[in-house]
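Start at 1 with the first residue, then count along the sequence.
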Amino acid sequence: MRSILFPPFAALIALVVACGQPAEPETPAAPVAAAETGPKVGDKIGESDAEKAARKAEKDAAALAKAAEAARIKADLEARGVRDVAWEDLMPEGEEERLAQMYQAQMSMLYGGAGIAEGSAADTSVQIGTFNTVSELNGVSVRIPGYTVPFEYGSKAEITEFLLVPYFGACIHSPPPPPNQTIFVKADTPIKLKDLAQAVWIEGTMLTSTQRSDLADAAYTIEMTSIAKYEY
């Protein structure tokens with residue numbers, strides 16, 4: 001008779017015990033990080049250092065060119081005996097205080113509690129101020145910036161007379177400036193004023209000569225020799 005071979009008893013018991021125990025759960029693998037897109041912390045955003053340096057160099061060059069042009073113009077004006085004047089230079093001493101008192105008096109009179117009647121002084125643009133001038137400017141060659149107010153309008157209108165004022169819209173969209181802040185300009189050669197919103201340089205001989213018009217009265221007159229675009 002063939003004998004049946006059994007595995008050793010200890011090994012058989014170990015096998016039975018091992019089969020009866022639950023399997024230990026496997027540790028899940030770490031998820032694979034998704035590919036990151038876009039800038040990360042520490043990344044530079046915007047211009048590179050080279051681009052910033054180039055832009056700064058361009059601005060510096062433009063500033064130097066502008067300063068050089070201003071120096072050239074100043075030297076040219078001095079050589080020709082032309083004086084650069086500002087609008088405050090046209091006001092004699094104490095004029096600003098007198099003007100403030102005149103405005104205050106007008107406001108008290110017009111708006112002292114009563115209503116504004118249509119067609120009354122309060123309902124119209126009134127020019128306030130004086131014809132007081134700085135006598136030292138009479139006969140002086142000057143250059144002054146300002147805005148033009150023509151007496152005639154039209155894209156093809158050629159004019160020889162117009163007003164020069166210190167701010168845009170004066171005499172048209174707002175009351176006129178004081179007479180000594182308004183200049184009557186006369187030109188020998190007719191010119192075209194295409195863009196009233198563009199400030200200009202007016203050069204010529206300043207006269208303390210009064211001129212009156214429907215738009216505004218002027219305490220100064222300039223006999224113009226040239227007109228140029230004002231560069232900001």
*Please round to the nearest 0.5 Å and tell me the distance separating atom CZ of Arg83 and atom CE of Met206.*
9.0 Å

*From CD (Gln181) to CG (Leu164), nearest 0.5 Å*: 10.5 Å

*With a 4.5 Å limit on heavy-atom distance, are the side chains of Thr182 and Tyr220 in contact?*
no

*Closest approach of Glu93 to Arg98 (non-hydrogen atoms, all atoms of both residues)*: O-NH2, 3.2 Å

*asked:* I'd like to know if the side chain of Asn180 reaches the main chain of Thr133, judged simply by a donor and an acceptor atom lying under 3.5 Å from each other, with no hydrogens or angles considered.
replied: no

*Residues which pass salt bridge (charged side-chain N to carboxylate O under 4.0 Å, His left out) with Asp60, listed by chain and number, not counting sequence neighbours*: Lys56

*asked:* Quick one, Val140 and Val85 - any side-chain contact, counting heavy atoms below 4.5 Å?
replied: no

*For the side chain of Glu95 and the backbone of Asn132, is there at least one donor-acceptor N/O pair under 3.5 Å apart?*
no

*Return yes if some donor-acceptor pair links the side-chain N/O of Gln127 with the main-chain N/O of Pro177 below 3.5 Å, else return no.*
yes

*asked:* Looking at every heavy atom in both Leu215 and Phe151, which two are closest together, and how far apart are they?
replied: CD1-CD2, 3.7 Å

_Please check this pair: side chain of Thr221 against backbone of Ser209, looking for a donor-acceptor N/O pair closer than 3.5 Å._
yes

*What is the minimum heavy-atom distance between Trp87 and Pro145, and which atoms define it?*
NE1-O, 2.7 Å

*Glu158 backbone acceptor or donor facing Glu152 side chain under 3.5 Å*: no

*Out of curiosity, does Val134 fall in the hydrophobic cluster containing Ile144 (side-chain heavy atoms, cut-off under 4.5 Å, transitive links)?*
yes

*State yes or no: do Tyr103 and Phe131 share one hydrophobic cluster built from I, L, V, M, F, W and Y residues joined by side-chain heavy-atom distances below 4.5 Å, directly or via other members?*
no

*Heavy atoms only: give me the nearest Val149-Ala170 pair and the separation to one decimal.*
CG2-O, 3.6 Å

*Does atom CD of Glu51 have more than 12 heavy-atom neighbours, drawn from other residues, nucleotides or ligands, at distances under 6.0 Å?*
yes

*Check whether Leu207 and Val185 end up in the same hydrophobic cluster, where Ile, Leu, Val, Met, Phe, Trp and Tyr are linked by side-chain heavy atoms less than 4.5 Å apart.*
no

*Grab the two heavy atoms, one from Val165 and one from Cys171, that are nearest each other, plus how far apart they are.*
CG1-SG, 4.2 Å

*For the pair Arg72 and Glu69, find out whether any cationic side-chain nitrogen is under 4.0 Å from an anionic carboxylate oxygen.*
yes

_Summary of side-chain hydrogen bond (donor to acceptor under 3.5 Å, both in side chains) pairs that have at least one residue in residues 136-150, sequence neighbours excluded_ = Asp84-Arg143, Asn138-Thr208, Tyr147-Tyr232

*Kindly compute the distance separating CE (Met224) from CD (Glu203), expressed to the nearest 0.5 Å.*
10.0 Å

_Nearest atoms (heavy-atom pairs only) where Ala216 meets Ser213_ = O-OG, 2.6 Å

*With a cut-off of 6.0 Å (strictly less than), are more than 12 heavy atoms of other residues, nucleotides or ligands near CD of Glu96?*
no

_Connected via hydrophobic side-chain network under 4.5 Å: Leu163 and Tyr167_ = no

*Verify the cluster assignment for Val200 and Ile73: are they in a single hydrophobic cluster under the rule of side-chain heavy atoms below 4.5 Å apart?*
no

